[in-house]
> 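One structure follows; several queries about it will come next.
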Number of protein chains: 2
Amino acid sequence: MERAKETQIVEHILDAIADQRLPAGTRLGEQALSDHFACNRTQVRRALATLTAYQVVEHVPNRGASVATPTAQDARDVFQARRAIESTICRNVVRHATEADIAVLRAHLAQEVQAKGHRDRPAAIRLSRGFHDLLARMGRNAVLERYAQDLTMRSSLIIGLYGTQARTLCAEDEHERIVDAIAARNEARALREMDQHLRHIEQGIDFDGTRPPTGALSSLLGTQSTERR
Amino acid sequence: MERAKETQIVEHILDAIADQRLPAGTRLGEQALSDHFACNRTQVRRALATLTAYQVVEHVPNRGASVATPTAQDARDVFQARRAIESTICRNVVRHATEADIAVLRAHLAQEVQAKGHRDRPAAIRLSRGFHDLLARMGRNAVLERYAQDLTMRSSLIIGLYGTQARTLCAEDEHERIVDAIAARNEARALREMDQHLRHIEQGIDFDGTRPPTGALSSLLGTQSTERR
DNA sequence: ACACTATAAATTGTTCACAATTTTTGTTAC
DNA sequence: GTAACAAAAATTGTGAACAATTTATAGTGT
C-alpha cells in the first residue's frame, strides 16, 4: 500500500507552494517529480490529480500539470470567500473556544513575534498561514475548516504572484487583536477584526503587477519545511 | 482522448445522487460501473476519485467506493456553511444582477410551480436545487459558486438520508420571496430571506431518524435526468 | 446447529508496456 | 538571420495483465 507516498507528495508540494518556493506557473513534470520522490509515475499522477482538485495545480490535457496561476479576478473571489467563511469561523471560535484553545492561540502569536524578530521570513509566512488554519480548526466545522485551508493555500499563491514585498505578511498585531476579541468573547468585535484583517491583506496586493517569470522546478522542493499539523 | 467519458460518469452519478435515486451508502463497484457505462475500469476509477474529492463519495482502501453517508454533525456543518456562503452570494446577486438575470430567476420559479402542480417530485427536487445553483452562478464569484454547488449536492444527500417526507422540498414561495427581495435591490431583506429559507430546510431534517437500508446499485442509474447546466 | 478454518471467487490496487500528443531539435530555402 | 518544414525526443495518456486484499463459499469437528 503506497497510499502514504501520495499524501506525502501532496503535502510536500503544498508546503512548497505555501512557502512560496514553487512560484505560480512552475511546470510539474511527472518524470521530474517521480525522480525527486523516488517513486512510481502513477503515484505522482494521483498526487497531481488531488492537487488539481484543490485548484492549486492546473492540469491541461496532454500538456501536464503546473502550479496554478490565479487571475486578478480569482484573487478577488478568493478574498471575498475568505471574508465570508473566516468570519463565520471566527463566530464559532468565540462561542466554542476553551481556555486551552485561547492559550494555544497566544502561544502561536508568540511564535509569530519571534519569527519576525529573527527576520526568518519563511517561518513568518508559514506561521501567518498557520494562524488562520488554527482558527479554522477551532471553529469546529469540518466543512468550513476545509474551505478555509483551501483558501489560505490559494492566498499564498496569490500573494506570491501579486504581493508587493512591503505588505506580504499579516501584521501580527492584527492577529493579536483578533485573539483579544475572542478571549473577551466579543463576537461582534472579533468579526470586525477578522474582516478588517483580510481586507488589509487584500489591499497589500497589486493587481496590476506584472507576473514574474515562471521558474523551473529544479530543486525548489529541496529544503523542506519543518512542521505540518 | 476519453476525458469526456470521465466527466460524463461524474455528472451522471451526481445527477443520480441529487435526484435521490442513489441513496447514501450505495456501493459503487468499479466493475459494475464500467459495465454500465461501457468503458474501461481506469476511467471509472478516475471518476470515483473526483467524486471522492467532492466528498459525495467515500473511498475506503481495498474496499472500494460508496455514496457518502454524512453524519448528523456533517449535516449541521453543511447547513451552517451554506448560510455563510449563500448569504454572501445573495448579496452579490443583489448588487450585480441585470434585469435579464431576474427574468431568468422568475422563469425558473414558474417551472418550479409547474413541477409541483404536476406532482412531479423528481423534477421538483431538481429544480429546487437548480434555483440555488442559479443564484450561485449569478453571484459572479467562481469560488463561492463552486462551494455552493458542492454543498447543495451534499444537502441532497443529507435530505435523502434524514429528511422527513413532509418537508423535503424547498417551499417555492420562499424562493419567490428571495427573488422579490433581489428584484427590489433590497440587500438586507434578501440576506434575511435566504438565511431563513436555509434554516427552514434544516428544520425539516430529523437528525434522530434511523438510516434507511442501503439499496444495491442495480439499475438506479437507468433513468437519466434531462438537463444539466 | 454453530463456530472455526481453508479454499475459492470477486474486488480492488499496482505496474508496465505501448499509443498518442506535444515540444524540441535540426535542416533547408529564401 | 529567419521562417517553414521534417524528424527526433520527450512527455503524457491508456489499457491490460498481474498482484494483493477482501468477501463469499464450502467443509470439518464438536
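Numbered from 1 within each chain, the chains take letters A, B, ... in sequence-line order.
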> Any side-chain N or O of A/Arg45 below 4.0 angstrom from OP1/OP2 of D/dT11?
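Indeed not, no polar side-chain atom of A/Arg45 lies that close.
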> So, does A/Gln43 get its side chain near the phosphate of C/dG13, meaning an N or O under 4.0 Å from OP1 or OP2?
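So the side chain of A/Gln43 is outside the cut-off, no N or O lying under 4.0 Å from OP1 or OP2 of C/dG13.
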> Distance check: side-chain N/O of A/His59 vs OP1/OP2 of D/dT11, anything under 4.0 Å?
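No, A/His59 has no side-chain N/O under 4.0 Å of OP1/OP2 on D/dT11.
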> Just compare D/dT12, C/dT12, C/dC16 and give me whichever is closest to any side-chain atom of A/Asn40.
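Of all the options, the side chain of A/Asn40 is nearest to C/dC16.
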> Tell me: CG of A/Leu48 to C1' of D/dG13, nearest whole Å?
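Atom CG in A/Leu48 sits about 14 Å away from atom C1' in D/dG13.
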> Hey, is the side chain of A/Arg41 pairing donor to acceptor with the base of D/dG13 inside 3.5 Å?
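By the distance-only test, yes, there is a pair.
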> In chain order, what residues pass the side-chain hydrogen bond (donor to acceptor under 3.5 Å, both in side chains) check against B/Arg154, with sequence neighbours excluded?
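With neighbours one apart ignored, the set is empty.
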> Could you state the atom-to-atom distance from CZ of B/Arg27 to P of C/dA10 in whole Å?
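The distance from CZ of B/Arg27 to P of C/dA10 comes to 15 Å, rounded to the nearest Å.
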> Distance check needed: C/dT12 C1' versus B/Arg46 CZ, whole Å only.
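Rounding to the nearest Å, CZ of B/Arg46 and C1' of C/dT12 are 17 Å apart.
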> Name the residue from B/Arg82, B/Glu174, B/Glu86 that meets the side-chain hydrogen bond (donor to acceptor under 3.5 Å, both in side chains) definition with B/His197.
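Of the listed residues B/Arg82, B/Glu174, B/Glu86, the side-chain hydrogen bond (donor to acceptor under 3.5 Å, both in side chains) partner of B/His197 is B/Glu174.
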> What is the distance, to the nearest angstrom, from the NZ atom on A/Lys5 to the P atom on C/dT15?
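So the NZ-P distance, A/Lys5 to C/dT15, works out to 11 Å.
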> Would B/Arg137 and B/Asp133 pass as an ion pair if we require N to O under 4.0 Å?
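Salt bridge absent between B/Arg137 and B/Asp133.
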> Using only side-chain N and O atoms of B/Arg63, determine if any of them is under 4.0 Å from OP1 or OP2 of C/dG13.
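Looking at the OP1 and OP2 atoms of C/dG13, neither is under 4.0 Å from any side-chain N or O of B/Arg63.
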> Taking side chain to side chain contact (heavy atoms under 4.5 Å, CB included) as the definition, give me every residue that meets it alongside B/Asp77, ordered by chain and number, with sequence neighbours left out.
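Residues passing side chain to side chain contact (heavy atoms under 4.5 Å, CB included) with B/Asp77: A/Asn141, A/Ala142, A/Val143, B/Gln73.
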> Verify the contact: side-chain N or O of B/Asn62 to OP1 or OP2 of C/dT12, cut-off strictly under 4.0 Å; return yes or no.
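For C/dT12, OP1/OP2 do not have a side-chain N/O of B/Asn62 under 4.0 Å.
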> Could you tell me the separation between the CG atom of A/Leu28 and the P atom of D/dT11, rounded to a whole number of Å?
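Going from CG in A/Leu28 over to P in D/dT11 covers 13 Å.
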